[in-house]
Amino acid sequence: MNAREQYIEQLKKYLKVLSQADQDDAIDFYSEYIDDAGLTTVKDIVDKLGTPEQLSQDIIAKTTGSQPNGPASQPTRPVNDQRTRAILSICLAVVLIIVLGPLALGLLLGFFGLLLGGLASIFGLSVGAFVLAGSLFATDVWSAIFYCGGGIALLGLLIIFVAIVVWAIKWLYRGCQNFVRYLRNKSKEGA
C-alpha cells in the first residue's frame, strides 16, 4: 500500500459521520489532489494537508457549515510577499503624487519665483549702480568708482546665485530621475 492509499484509508475512517456521497466526493478530491501535487510520502501529505483526523475535521466542518479548525482551513499566506510590497509601494507613491503633487508644484513654483525675483532685483540694482556711477563720473569720481564697485559686486553675487540655482535644478532633476528609476525597479521586482 502506497502513502496515498494509507492516508486515504485513515481519512475514510474519520469521515464515517458524513453521507456516502459527501465521503466519496471528499475522498476523490483529496486522492486527485495528492496525485497532482506529487506527494509521495505520508510525511509530505501530512505536511501539506495535516493528519487524516485534522483534515477530516475540516471536511466535516465545511460540509456541515460549522467552523473549521484544522491546518487545511488556515488562511493561505500571499504567494509573493515581495510582489505585494512592490505593488503597495507603487500605489502609495501614486497616491502621494496625486495628493501632494499640486502642493509640491505650488511650493516649487513659488520658490523659483522668489529666486527669479531675487535675481532680477540683484541685476536691477547692479544696472542702477552702473547708471548712477556713469552720472556721477563727471562730478564726483570717487563716488562713481564706489558705485561701479558696488555694481561689480552685485554682478558677482548674481553669478553665484545663478550657479546655485542651476545646481539646485540639476539636483532636483536627478532626484526625480532616481525616484522614477526606483519605482520602475520596484514594479519589475513585483512582476
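In this chain, numbering begins with 1 at the start of the sequence shown.
Taking a cutoff of 4.0 Å between a charged side-chain nitrogen and a carboxylate oxygen, D44 and K48 do not qualify as a salt bridge.
Side-chain contact check for K12 versus I27: some heavy-atom pair is nearer than 4.5 Å. For the pair I34 and L49, the minimum side-chain heavy-atom distance is below 4.5 Å. Considering only heavy atoms from C-beta on, L55 stays 4.5 Å or farther from Y14 through its side chain.
Atoms OH and OG, from Y147 and S135 in turn, are 9.0 Å apart once rounded to the nearest 0.5 Å. Between the CG atom in L172 and the NZ atom in K170 there is a gap of 13.0 Å [rounded to 0.5 Å]. Interatomic distance, I159 CD1 to L154 CG, rounded to the nearest 0.5 Å: 11.5 Å. Summarising the geometry, atom CG belonging to D25 is positioned 10.0 Å from atom CG belonging to L18; distances are rounded to the nearest 0.5 Å. A distance of 10.0 Å separates CG of D58 from OG1 of T63, quoted to the nearest 0.5 Å. Rounding to the nearest 0.5 Å places CD1 of I122 at 4.0 Å from CG of L157.
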For this session: Determine, stepwise, if the pair F161 / L158 fulfils side chain to side chain contact (heavy atoms under 4.5 Å, CB included).
Result: CA-CA 5 Å; F161 277 137; L158 179 68; 5.5 Å; no
Exercise. Where do K43 and D47 land on the salt bridge (Lys or Arg N to Asp or Glu O under 4.0 Å) test, with the steps shown first?
Worked result: CA-CA 6 Å; K43 182 184 180 321; D47 287 346; 2.9 Å; yes
For this session: For Q20 and D24, run side-chain hydrogen bond (donor to acceptor under 3.5 Å, both in side chains): C-alpha distance rounded to whole Å, both residues' side-chain angles, the deciding distance at 0.1 Å, then the answer.
Result: CA-CA 6 Å; Q20 189 60 42; D24 292 341; 3.0 Å; yes
Exercise. What do the steps show when you test D28 against S31 for side-chain hydrogen bond (donor to acceptor under 3.5 Å, both in side chains), and what is the final call?
Worked result: CA-CA 5 Å; D28 289 343; S31 292; 5.7 Å; no
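Other residues, nucleotides and ligands place no more than 12 heavy atoms under 6.0 Å from the CZ atom of F137. Crowding of F130 atom CZ: a count of heavy atoms from other residues, nucleotides or ligands under 6.0 Å exceeding 12.
Put simply, V162 and I169 are part of the same group of oily side chains (I, L, V, M, F, W, Y) that touch within less than 4.5 Å, one to the next. Linking Ile, Leu, Val, Met, Phe, Trp and Tyr residues whenever their side-chain heavy atoms come within less than 4.5 Å leaves W142 and L136 in two separate clusters. At a threshold of 4.5 Å between side-chain heavy atoms, the hydrophobic network of Ile, Leu, Val, Met, Phe, Trp and Tyr places I87 and L96 in two separate groups. Linking Ile, Leu, Val, Met, Phe, Trp and Tyr residues whenever their side-chain heavy atoms come within less than 4.5 Å places V127 and L125 in a single cluster. Note: the hydrophobic cluster containing L114 does not contain F123 (ILVMFWY, side chain heavy atoms under 4.5 Å, direct or indirect links).
Pairing each heavy atom of S126 with each of G151, the nearest pair is CB-O, 3.5 Å. Nearest heavy atoms, P52 versus L11: O-CD1, 3.4 Å. Nearest approach of S56 to E53, heavy atoms of both residues: OG-O, 2.6 Å. Nearest heavy-atom pair across F179 and A93 is CZ-CB, 3.9 Å.
No donor-acceptor pair under 3.5 Å is formed between the side chain of S143 and the backbone N or O of D140.
Ring orientation note: the planes of Y33 and Y30 are nearly perpendicular, at an angle over 60° on the 30°/60° scale.
Side-chain N/O atoms of Q6 and N2 include no donor and acceptor closer than 3.5 Å.
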